[in-house]
Amino acid sequence: MDAVLENSDAVLKAFGYTGLLFVISGVASLLLGTVLAALRVGPIAVLRRAVAIYVTLIRNTPLLVVLLFFRIAGPKVGLRFDFIDVVIAGYSFNNIFTACLVGLTVYTSTFVCEAIRSGINAVPLGQAEAARAIGLTFNGTMSQVILPQAFRASLPPLTSVQIALLKNTTVAGAVGVFEAFARMRSLTNDYTTQAFMIFVVFALIFVVLVELLSAASYAVERRWRAAR
Amino acid sequence: MSTSVLFDAPGPRTIRRHRIYTVVSVLVLLALLGLAFWKLWAENQLEYDKWEPFVTPRYISALLVDGVLTTLSMAGAAIFGAVVLGLGLGLGKLSDHRPIRWVCFLLVEFFRAVPVLLLMVLIFYTWGITRDASGAYWSVVGALVLYNGAVLAEIFRAGMNAVPKGQSEAAYTLGMRKTQVVWIVQLPQGVKIMVPVIISQCVVALKDTSLGYAVASPGLTQVGRGIYQQFQNQVPTIIVIALLYIAMNTVLTMVATWIQRKYVGETNPIELTRAGNMDGGQNTGGAL
């Protein structure tokens, strides 16, 4: 416990990095995942097939391997992020941070794609037919009937994906970003006798963050629940 | 795709338009693939030297035995332990005794929310560090057992709840005790829908074994690290390692899908999305 209190500044900063990784790649993965989902369920068969293969390949690769690709293999083929190197409010956004950000986004967006697709699949065909039958246009059908239901249905899996992303940011700690996991490992290394208490503190912070996300999602879900 | 909720069956003009889009997208996809290969070639990543380890018997056997087999045995041990722990916690959550329910509930919530890497490092530094490679190996397995056990507890609970209530009521009417009802009536019927979900969870466990990288445990990622540090061939190594993981996971997913189709049907009543892992939409069926 003392180890954490003595280094509370460093611990806070580490969780700052965790939060930055989570928020930036969370938003980016939602955007990229939506584009992938649009192609995945769109009318062009070739694109549907290509995105399906891409998503299957990325989903079945461990996150660590994806991050290692962007960290150590990417630079060998000109995939460098050296052009980003700024320090904002004490947080340095360098090539390592950016590589992890890109890796987390690429990995998470494939799960976002599948979550959205499962939401669209959950809308019964009769809904579209009924919307057409009462004379709604394509845009009307989409914006008034299909997408609201699809979005509500994909909310639970999307939350689950984002919670997993929050926990997955720790993998960035294993490849060079000094976020919560890396900080915990170095503290454990310096204060071996207090290893257990250090773990409990870090773990409880994660539990609180996850429960907050989960509670927020439940609240939104209850508000928006489609009457079926 | 005349059955999509998103659009009608296309008419003749739309079909023509789609044909143009198809040609354009094929060209774009080919250009992207071409760019990737050109980049690999231009940066000398396609040279024989860089790929030589992957056609050398010594390294192939290292990859397959020290890599694939070790990874599979870690994942297997982790899932075996997780099934036992998950069964205990899952049954505990359904217990008639409030304290047992609460303890199991708290344990499940805790281990589901804590990142596996944190658990792994705790076990490694407090127990595994003095025990060489086997210490790292069992640190990884231990962390995966705790995490996957918590996830599987939810699966077992959901699977037991999915058995129609009349089954257990009928069993109680026959005079069975709670233990008998659980082991003779509910579990055997729930197993059918649990098995495909458990195999899907194996994919998660298998992918997570790679996190052993952080405590230098043996396994596929570790073998890969040895190879690229020796030959400086990061790109080919990462590609080969990724393909090996993909192959293992694809086989597991196919088995899970096959069992599910055969014994359960298109959709599984167990909702995994609340289990807090990256399984969003995985059980909605429909592969490629």
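Lettering of chains follows the sequences in order, A, B, ..., and the numbering in each one begins at 1. The analysis underlying the following values was restricted to heavy atoms, covering all of them including side chains, and did not include hydrogens, waters or symmetry mates.
- Of the listed residues A/F202, A/F196, A/F181, the one with more heavy-atom pairs under 4.5 angstrom with chain B than any other is A/F181.
- For A/F69, the parts lying near chain B are the backbone and the side chain together; criterion is any non-hydrogen pair under 4.5 Å.
- Heavy-atom contacts from other residues, nucleotides or ligands closer than 6.0 Å to CZ of A/F151 number 12 or fewer.
- With a 4.5 Å cut-off on non-hydrogen atoms, A/I120 touches chain B through its backbone and its side chain both.
- Panel note: side chain B/K207, backbone A/R59; a donor-acceptor pair is recorded below 3.5 Å.
- B/W127 CH2: more than 12 foreign heavy atoms inside a 6.0 Å radius.
- Of the atoms belonging to B/L117, heavy atoms from both backbone and side chain fall under 4.5 Å from chain A.
- Using a 4.5 Å cut-off between heavy atoms, A/E129 does not touch chain B at all.
- Heavy-atom distances place both the backbone and the side chain of B/S210 under 4.5 Å from chain A.
- Of all heavy-atom pairs spanning A/R185 and B/V121, the tightest one is CD-CG2, 4.2 Å.
- Partners of B/D208 under the side-chain hydrogen bond (donor to acceptor under 3.5 Å, both in side chains) rule, at least two apart in sequence or in another chain, do not exist in this structure.
- Counting heavy atoms from C-beta outward, B/Y21 and A/L47 have side chains that stay 4.5 Å or more apart.
- Looking at heavy atoms from C-beta onward, A/T188 lies out of side-chain contact with B/L122 at the 4.5 angstrom threshold.
- Interface residue B/Y228: only side-chain heavy atoms are found under 4.5 Å from chain A.
- Between chain B and the options A/V210, A/V77, A/V46, heavy-atom pairs under 4.5 Å are most frequent for A/V77.
- Looking at every heavy atom in both residues, A/A73 comes nearest to B/V235 through O-CG2, 3.4 Å.
- For CZ of B/R19, the number of neighbouring non-hydrogen atoms (other residues, nucleotides, ligands) closer than 6.0 Å is 12 at most.
- Heavy-atom distances place the side chain of B/T221, and not its backbone, under 4.5 Å from chain A.
- Here the CG-OG1 distance, from B/L119 to A/T170, works out to 10.0 Å after rounding to the nearest 0.5 Å.
- In this structure, chain B has heavy atoms under 4.5 Å from both the backbone and the side chain of A/L68.
- With contacts defined as side-chain heavy-atom distances shorter than 4.5 Å, the pair A/T56/B/T253 does not qualify.
- Between A/F206 and B/A113 the shortest heavy-atom distance is CB-O, 4.1 Å.
- In this structure, A/N60 and B/Y245 have side chains that are not in contact, with every pair of non-hydrogen atoms separated by 4.5 Å or more.
- For the pairing with B/Y213, the side chain to side chain contact (heavy atoms under 4.5 Å, CB included) check across A/V171, A/V65, A/L64, A/L67 returns one residue only, A/L64.
- Applying the side-chain hydrogen bond (donor to acceptor under 3.5 Å, both in side chains) test to B/T237 and every residue at least two apart in sequence or in another chain returns B/N233.
- Proximity to chain A (any heavy atom under 4.5 Å) is shown, for B/I239, by neither the backbone nor the side chain.
- Comparing B/V116, B/L118, B/V26, B/I246 by heavy-atom pairs within less than 4.5 Å of chain A, the highest count is held by B/L118.
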Report the C-alpha distance between A/I72 and B/I238 in whole Å, list the side-chain angles of each, state the deciding distance to 0.1 Å, and finish with yes or no for side chain to side chain contact (heavy atoms under 4.5 Å, CB included).
CA-CA 9 Å; A/I72 59 167; B/I238 297 275; 4.3 Å; yes
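- Here the CG atom belonging to B/L211 is positioned 7.5 Å from the CG atom belonging to A/L63, to the nearest 0.5 angstrom.
- Heavy-atom distances place the side chain of B/I241, and not its backbone, under 4.5 Å from chain A.
- Between chain B and the options A/K76, A/Q162, A/M142, heavy-atom pairs under 4.5 Å are most frequent for A/K76.
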